[in-house]
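Here is the structure we will look at, set down as structure tokens.
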Amino acid sequence: MTTRVIIVDDQAMVRAGFAALLSAQSDIDVVGDAPDGVQGVELSRRTHPDVVLMDVRMPEMDGLEAARQLLGPPPGVSHRPKVLMLTTFDVDDYVYEALRAGASGFLLKDAPPADLISAVRVVAGGEALLAPSVTRRLIADFARQRPAPRKESTALRLNGLTPRETEVLELIARGLSNQEIAEALVLAEQTVKTHIGRVLAKLALRDRAQAVIFAYESGLVSPGDH
């Protein structure tokens, strides 16, 4: 099955370079590109890509607002692509807000070509692209800047999890990979994946990225925790 991709970035050379790299893959089809968020949203609505590579900082409309429009479309628009944010900064205020809006993760523009190709495949497959080290830095850093009080509604949602599911959610938020969670809890990796699926379903979360945000904002995990 071919993954349809569009590239939204204000730098023409970036768009051309990424398009050439991704188009060379037999399972990826670049169906268009756009220089700003306004045109990116319009292009996505027209071409229905599986994945949108979205630059964070652009004229006309930045990547955050464009991601919000794509992930929370108006009535009558059913298509919701996966959004992968592109940034030149490994810690970026816009990226945090994009994850809250439902983006599936982010990628540094200077990442190796193989990482870009892998990122598109991972996100298209329904996984969030949050490397453990990135999770620890990014989410903890912004959680420190935005101490969110534990809301009653999120506390009630947490109460719907089993003790094991709560453990798994906590370890996700601490930046552990599935394999690391399996080792920590002495479980099979497939069992961990099953638990994660149940956590996402019970909490009505799209993916691992939103699970990390939820864990911090619900008070389950605090920025200073280790």
### Task
Please assess Asp55 against Val14 for the test side chain to side chain contact (heavy atoms under 4.5 Å, CB included), listing each intermediate value before the final yes or no.
CA-CA 10 Å; Asp55 187 21; Val14 170; over 6 Å; no
Could you tell me which non-hydrogen atom of [X] sits nearest to which non-hydrogen atom of [Y], and how far apart they are?
X     : Y      : value
Arg45 : Gln69  : NH2-O, 2.7 Å
Leu84 : Ala119 : CD2-CB, 3.7 Å
Leu71 : Pro81  : CD2-O, 3.4 Å
Val51 : Val120 : CG2-O, 4.0 Å
Asp50 : Thr2   : OD2-O, 3.8 Å
Arg80 : Pro73  : NE-CD, 3.4 Å

Would you say [X] and [Y] make side-chain contact, with heavy atoms under 4.5 Å?
X      : Y      : answer
Leu185 : Thr191 : no
Val30  : Phe18  : no
Met58  : Pro35  : no
Asp9   : Asp33  : no
Val168 : Leu161 : no
Thr3   : Asp27  : no
Leu169 : Leu203 : yes
Phe214 : Leu158 : yes

Measure the [atom1]-[atom2] distance between [X] and [Y] for me, rounded to the nearest 0.5 Å.
X      : Y      : atom1 : atom2 : value
Ser23  : Ile7   : OG    : CD1   : 7.0 Å
Thr194 : Glu165 : OG1   : CD    : 10.5 Å
Arg174 : Leu220 : CZ    : CG    : 7.5 Å
Leu187 : Glu189 : CG    : CD    : 11.0 Å
Lys82  : Met54  : NZ    : CE    : 15.0 Å
Arg15  : Ile6   : CZ    : CD1   : 11.5 Å

### Message
Using the rule given for side chain to side chain contact (heavy atoms under 4.5 Å, CB included), can you reason through Val56 versus Leu64, listing the C-alpha separation, both sets of side-chain angles and the distance that settles it, and then say yes or no?
### Response
CA-CA 6 Å; Val56 172; Leu64 173 59; over 6 Å; no
Under the side-chain hydrogen bond (donor to acceptor under 3.5 Å, both in side chains) test, which residues partner [X], sequence neighbours left out?
X      : result
Asp36  : Gln39
Arg164 : Glu167
Arg46  : Glu42

### Main-chain N/O of Thr47 paired with Arg4 side-chain donor or acceptor, under 3.5 Å
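Yes; judged by distance alone, with no hydrogens or angles, the pair exists.
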### Message
Checking the side chain of Asp29 only, and the main-chain atoms of Val31 only, is there a donor and an acceptor separated by less than 3.5 Å?
### Response
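No: the side chain of Asp29 does not pair with the backbone of Val31.
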### Task
Determine, step by step, whether Val41 and Leu70 satisfy the side chain to side chain contact (heavy atoms under 4.5 Å, CB included) criterion, reporting the C-alpha distance in whole Å, the side-chain angles of both residues, the deciding distance to 0.1 Å, and the verdict.
CA-CA 6 Å; Val41 170; Leu70 291 178; 4.1 Å; yes
